[in-house]
Participant: 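Okay, here's the structure, questions in a sec.
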Amino acid sequence: MVRQIDSLKKSLSQVRQEILGHELYRSLTGADRLQIFMECHVFAVWDFMSLVKTLQLKLTSVAIPWVPKADTDAARLINEIVLAEESDEHPSGGYVSHFELYRQAMKQAGADTKLIDALIERIQNGQPLDAALKRLDAPPFIVDFVKTTFSFIEKGSIHEIAAVFTFGREELIPSMFQEIVKRIDRECKGRFELFERYLERHIYLDESSHAPLALRLVSELCGHDERKWQEAREAALRALVQRKALWDGILKIFLDIEIVFK
């Protein structure tokens with residue numbers, strides 16, 4: 001099924017290049033802008049965990065009493081990815097989820113965690129996600145990004161969710177994060193050490209392991225069904241368009257701040 005994967009990648013290449021060549025990366029200069037970036041991007045780090053856990057719920061057996069799943073290859077693939085995403089080695093020892101590591105990086109960098117903390121607190125207190133987002137007072141482009149992710153989680157077929165996970169996240173992240181690492185100024189390195197470690201860890205994991213595993217997962221789930229491949233393509237494209245909108249929104253904040261201080 002190499003042909004189908006290559007065809008799918010080709011159909012996504014234009015919007016993918018728009019994301020990787022986005023003006024946002026060149027604008028990530030100085031601590032203030034990096035802090036703003038982290039305060040917005042953390043929502044993508046957070047909702048990614050729900051995306052990957054949805055795949056785990058659908059592809060592995062987590063119910064009690066336990067029963068075996070027919071597709072053990074898919075179960076193995078997603079469990080390998082979940083292991084690192086939810087309980088990776090912490091740079092200082094012990095284990096940590098990538099979201100928690102990102103939040104720690106925000107604290108070290110002086111970025112404000114109050115919006116993401118408020119969202120998680122409301123969800124922990126039993127508020128539905130839509131209600132929690134509505135009361136959050138977050139920028140609309142952040143709310144739209146999260147809602148798009150959860151629309152796939154709640155309504156998407158398993159192969160569509162896998163495509164969003166693969167082409168909207170795992171396959172895109174190494175090149176995307178490399179662009180961000182380049183923009184961390186030398187004077188910012190001390191304050192952004194954990195952030196840089198987070199980015200470099202994702203680049204390594206996704207290039208060496210997670211992206212290839214995710215591509216295999218899409219191939220397993222779509223098989224020889226052309227309808228599934230088309231649906232996977234449409235879902236991945238929608239996810240990438242939403243990522244570009246997230247980057248557009250953050251860049252607009254930078255430009256608006258410039259106008260205010262001129």
Side-chain angles (χ1 to χ4, degrees), residues 12 14-52 98-99 102-103 105-106 109 111-123 127-156 160-161 163-165 167-173 175-177 179-180 183 195 198-199 202 234-261:
L12 303 175
Q14 180 177 338
V15 66
R16 189 178 186 278
Q17 286 308 310
E18 288 174 2
I19 293 168
L20 296 181
H22 203 284
E23 180 64 25
L24 173 69
Y25 306 116
R26 290 179 287 278
S27 300
L28 284 173
T29 54
D32 290 349
R33 288 189 172 189
L34 282 167
Q35 288 166 348
I36 291 169
F37 174 83
M38 294 176 82
E39 290 163 11
C40 297
H41 178 243
V42 68
F43 286 88
V45 178
W46 172 76
D47 74 1
F48 171 81
M49 293 304 300
S50 291
L51 195 62
V52 71
H98 286 173
F99 168 76
Y102 196 98
R103 188 182 177 282
M106 290 178 70
D112 196 340
T113 64
K114 67 182 180 184
L115 274 181
I116 190 64
D117 290 349
L119 178 64
I120 290 173
E121 182 180 0
R122 287 169 185 166
I123 291 170
Q127 244 184 65
L129 178 62
D130 282 349
L133 285 170
K134 190 173 183 180
R135 295 182 55 199
L136 197 61
D137 196 30
F141 63 86
I142 290 177
V143 174
D144 289 345
F145 186 92
V146 173
K147 283 186 173 182
T148 298
T149 300
F150 276 86
S151 72
F152 289 116
I153 289 171
E154 293 164 1
K155 301 175 183 177
E160 293 173 315
I161 298 170
V164 170
F165 170 76
F167 297 101
R169 307 292 178 113
E170 300 291 63
E171 196 271 338
L172 178 71
I173 279 172
S175 299
M176 192 170 66
F177 279 6
E179 290 299 319
I180 298 172
R183 304 298 165 179
F195 182 45
Y198 167 90
L199 295 172
H202 260 280
E234 291 170 0
L237 179 59
R238 185 178 162 209
L240 288 171
V241 168
Q242 200 61 54
R243 171 69 69 170
K244 182 177 180 297
L246 180 66
W247 275 192
D248 289 345
I250 299 172
L251 180 62
K252 186 175 185 303
I253 290 178
F254 294 165
L255 297 176
D256 288 347
I257 290 172
E258 276 189 7
I259 291 170
V260 168
F261 285 99

Participant: Indicate yes or no: at least one non-hydrogen side-chain atom of L136 is less than 4.5 angstrom from one of F43.
Facilitator: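 Yes; the side chains approach each other to less than 4.5 Å.
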Participant: Evaluate F141 against I250 for side chain to side chain contact (heavy atoms under 4.5 Å, CB included), listing each step before the verdict.
Facilitator: CA-CA 8 Å; F141 63 86; I250 299 172; 3.8 Å; yes
Participant: Using modelled atom types and a 3.5 Å cut-off, is there a donor and acceptor pairing between side-chain atoms of T149 and backbone atoms of F145?
Facilitator: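 Pair found, side chain donor or acceptor close to backbone of F145.
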Participant: Check whether any side-chain N or O of R26 sits under 3.5 Å from a backbone N or O of G21 as a donor-acceptor pair, and report yes or no.
Facilitator: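 Such a contact is found between R26 side chain and G21 backbone.
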Participant: Just grab all the side chain to side chain donor-acceptor pair (under 3.5 Å) pairs involving residues 130-146, residues at least two apart or on different chains.
Facilitator: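 Every pair satisfying side chain to side chain donor-acceptor pair (under 3.5 Å) with a residue in residues 130-146: there are none.
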Participant: Check whether any side-chain heavy atom of R33 sits under 4.5 Å from a side-chain heavy atom of R183, and report yes or no.
Facilitator: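 No, side chains not in contact.
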Participant: Does any non-hydrogen side-chain atom of R238 lie less than 4.5 Å from one of F152?
Facilitator: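 Counting from C-beta outward, F152 and R238 do come under 4.5 Å.
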Participant: Using salt bridge (charged side-chain N to carboxylate O under 4.0 Å, His left out), reason through K244 and D248 one step at a time and then give a plain yes or no.
Facilitator: CA-CA 6 Å; K244 182 177 180 297; D248 289 345; 3.2 Å; yes
Participant: Sequence neighbours left out, what passes ring-ring contact (aromatic ring centres under 6.0 Å, His included) with F37? Give chain and number order.
Facilitator: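 For F37, the residues satisfying ring-ring contact (aromatic ring centres under 6.0 Å, His included) (neighbours in sequence not counted) are H41, W247.
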Participant: Is a donor on one side and an acceptor on the other found under 3.5 Å between the side chain of Y198 and the backbone of F99?
Facilitator: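 Checking the backbone N and O of F99 against the side chain of Y198, no donor-acceptor pair under 3.5 Å is found.
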Participant: Would a 4.5 Å heavy-atom cut-off, applied to side chains only, mark I180 and L28 as touching?
Facilitator: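 A side-chain contact under 4.5 Å exists here.
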Participant: Within the 4.5 Å heavy-atom criterion, are E160 and E234 side-chain neighbours or not?
Facilitator: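 In short, these two side chains do not touch, never coming nearer than 4.5 Å.
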Participant: Could you walk me through whether R16 and L172 pass the side chain to side chain contact (heavy atoms under 4.5 Å, CB included) check?
Facilitator: CA-CA 8 Å; R16 189 178 186 278; L172 178 71; 3.8 Å; yes
Participant: Tell me whether the rings of F48 and F165 are parallel (<30°), tilted (30 to 60°) or perpendicular (>60°).
Facilitator: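 Plane angle under 30°, so parallel.
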